[in-house]
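We name chains A, B, ... by the order of the sequence lines, and we start the count at 1 in each one.
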Amino acid sequence: MFDSIIDPTLGPAADAQRAPATLADRPDSLSGLRLGLLANTKRNAEQFLDQVGRVLTEQHGVRAVVARKKPDITNTAPEPILDDLRAGCDVVVVGVGDCGSCSASAVADGIILEQSGVPAVVVCTDAFTASADAMARVRGVPGYHYLTVPHPMANLTPGGVRDKAAAAVPEIVAMLTSGAMAAAS
Amino acid sequence: MTTAADPAEAAGDPVEQAKDVIEYCYEQGWTDGLPVVPATSRGVGAFLATTPRGAEEIIGTAPHLGRSITVAQAAANAIMAGCKPDYFPLVLAAWEAVNLERSARGAWQSTSGPSPLIVVNGPVRSRLEINCEGGVFGPGFRANATIARAIGLIVRNGYGIRPHELEQATQGLPGRWSVCLGENEEASPWEPFSVAGGLEPGVDAVSAVLIRTCEYVDNRGTDDPVAVLTDFADTLARMGAYLGGGHSSGGLVLGPEHAQLFGRHGYGRADVQRWLFEHAVRDRADLAAAGKGDGPVGDPAQAGTPFPMMPSARDIPILVAGAGNAAISMVFRPFGWAPWSGRSVPVAWSRAPSGA
């Protein structure tokens, strides 16, 4: 009825919808694998991921850890960092999405790695599921499964970060190995 | 006039149809909560005629979202915001000025929920009836209200950054997407703000700072410039605005009375900036007591010295706006750690505007 109204959301033709993304196949276990940790600049993000790396090394047989930190919370990780992770890792943990921009961009990083064939788990705090879900839709993976941990992260003591990381490890292992993360239709 | 609710009659009534169009736009998710004016290709054509820029020129990109924004798309959103065609070159200049801000990249998804403070200088203020005087923060003036609103609709519809989705403002701020003010150059003792932004006087120009809030300083009982400066410094140094890690941020929209008081006593803009930088300080112990003692505040080499809350003298932007009827000014809080870009954007016209 109102066909003459211009849709203000339509950008240039080049901004075509992304094709649905395919996620990576999962290994049977983490034993003997190389783990990547992709941190952002948020407070406690590196400490959280380092602790995850320690537990996965000590208890799940990870043989090497490659830790990288991206410089920008809004955009996806720069290509050189993604290349390091693609080349040097069998699985990657991304985090921590505990702000408006970085929750969305963490999901984008995880999906980019998945599309390169690298299984990834994205960790966000549970305050940012709306933003994380919105980015998953933007990236062509509606319903993308990521790990939520209780908000907040930034005000935790070192002990609190260790506890939160330890509590997250079983689900991280399950998400990296179970094969349950089939691409959403 | 009939008052009967005859559906057949109502269907042919253009006023009823206009209401239906407004509802249709709501249903599409295109509005910021207020009604919008529908954009048509004829309307977009009228807007495009005011600018030398091409319809398909890209004026913004969000690579992480896979979205870009064209001039024509900005025009559609400016129409929806209620702009007149002659406002459109100002919308484009404001968009460019906003994107000069280093903090703009992550701003629209941020929990901080910042909003542009848009400043217009030059003769265009009178041609397009941009308010520079009483009630300058609005509402009540079409150009001021709709130019600011257009920027918000471009972000929402152009990038798809919508509240409770990709937009994650914890609280936002009063007046988000509604602050566009003309500098009251005629009441200012100093050169226009756009000259501080690198342009010649008399040039139509737009500047923008992303801000997290404004707070007033009411000081009408003294003619002592140092007393007034002391009052400003206290507000600038408020701890709550400090995020930790670097420094706080602040700027001033001086009411004409305060600006003229400084002018009468021989203070230039740079003198005011320097005084405020030197005096907007806090005891490091106070910041530590508030849980903000990490980073530069806790630097052992600086123990016992006051902590400067402002990044530098020149990074305290100062402009003049409002009515000359009371000694009231506004402190505003730039978003993030990056200072104002310091660059004003000249307005590019395809033809001389015909007036409002």
Nearest heavy-atom contact between S101(A) and G106(B) is OG-O, 3.1 Å
Could you go step by step and tell me if T9(A) and Y159(B) meet the side chain to side chain contact (heavy atoms under 4.5 Å, CB included) rule?
CA-CA 8 Å; T9(A) 68; Y159(B) 287 149; over 6 Å; no
Look at atom CZ of R34(A) and say whether more than 12 heavy atoms of other residues, nucleotides or ligands are closer to it than 6.0 Å.
yes
Could you check whether any side-chain heavy atom of Q73(B) comes within less than 4.5 Å of a side-chain heavy atom of D7(A), counting everything from C-beta outward?
no
For N75(A) and P63(B), work out which heavy atoms get closest and say how close.
OD1-CD, 4.4 Å
Side chain / backbone / both / neither for V36(B) at chain A, heavy atoms under 4.5 Å:
neither
For D72(A), is there any backbone N or O sitting under 3.5 Å from a side-chain donor or acceptor partner on R105(B)?
no
Is E165(B) in contact with chain A via its backbone, its side chain, both, or neither, using a 4.5 Å heavy-atom distance?
both
Enter the distance from I22(B):CD1 to F2(A):CZ here, rounded to the nearest 0.5 Å.
10.0 Å
What's the shortest heavy-atom distance between G100(A) and Q168(B), and which atoms?
CA-CB, 3.5 Å
Pick one of side chain, backbone, both or neither for I154(B), based on which atoms fall under 4.5 Å of a heavy atom in chain A.
neither
d(S4(A) OG, R42(B) CZ) to nearest 0.5 Å is 10.5 Å
When only heavy atoms count and the cut-off is under 4.5 Å, which of residues 77-85 of chain A reach chain B?
none
Max heavy-atom pairs within cutoff under 4.5 Å with chain A, candidates S41(B), S110(B), G158(B), goes to S41(B)
Only heavy atoms, only distances under 4.5 angstrom. Which residues in residues 129-136 of chain A are near chain B?
A130(A), S131(A), A134(A), M135(A)
So among I69(B), T70(B), T61(B), which one has a side chain to side chain contact (heavy atoms under 4.5 Å, CB included) with P12(A)?
T70(B)
Answer yes or no: does atom CZ of R142(B) have more than 12 heavy-atom neighbours from other residues, nucleotides or ligands under 6.0 Å?
yes
So with a 6.0 Å cut-off around CG of D28(A), is the heavy-atom count from everything else above 12?
no
Tell me, side chain or backbone of L10(A) under 4.5 Å from chain B's heavy atoms, or both, or neither?
backbone
Near R43(A) CZ, under 6.0 Å, is it more than 12 heavy atoms from other residues, nucleotides or ligands?
no
Please name the pair of heavy atoms, one in L166(B) and one in A104(A), separated by the smallest distance, quoted to 0.1 Å.
CD2-CB, 3.9 Å
Atom of H64(B), atom of R139(A) and distance for their closest heavy-atom approach:
O-NH2, 2.7 Å
Considering all heavy atoms, the nearest V138(A)-L65(B) contact:
CG1-O, 3.4 Å
Compare all side-chain heavy atoms of W30(B) with those of I5(A) and state whether any distance is below 4.5 angstrom.
yes
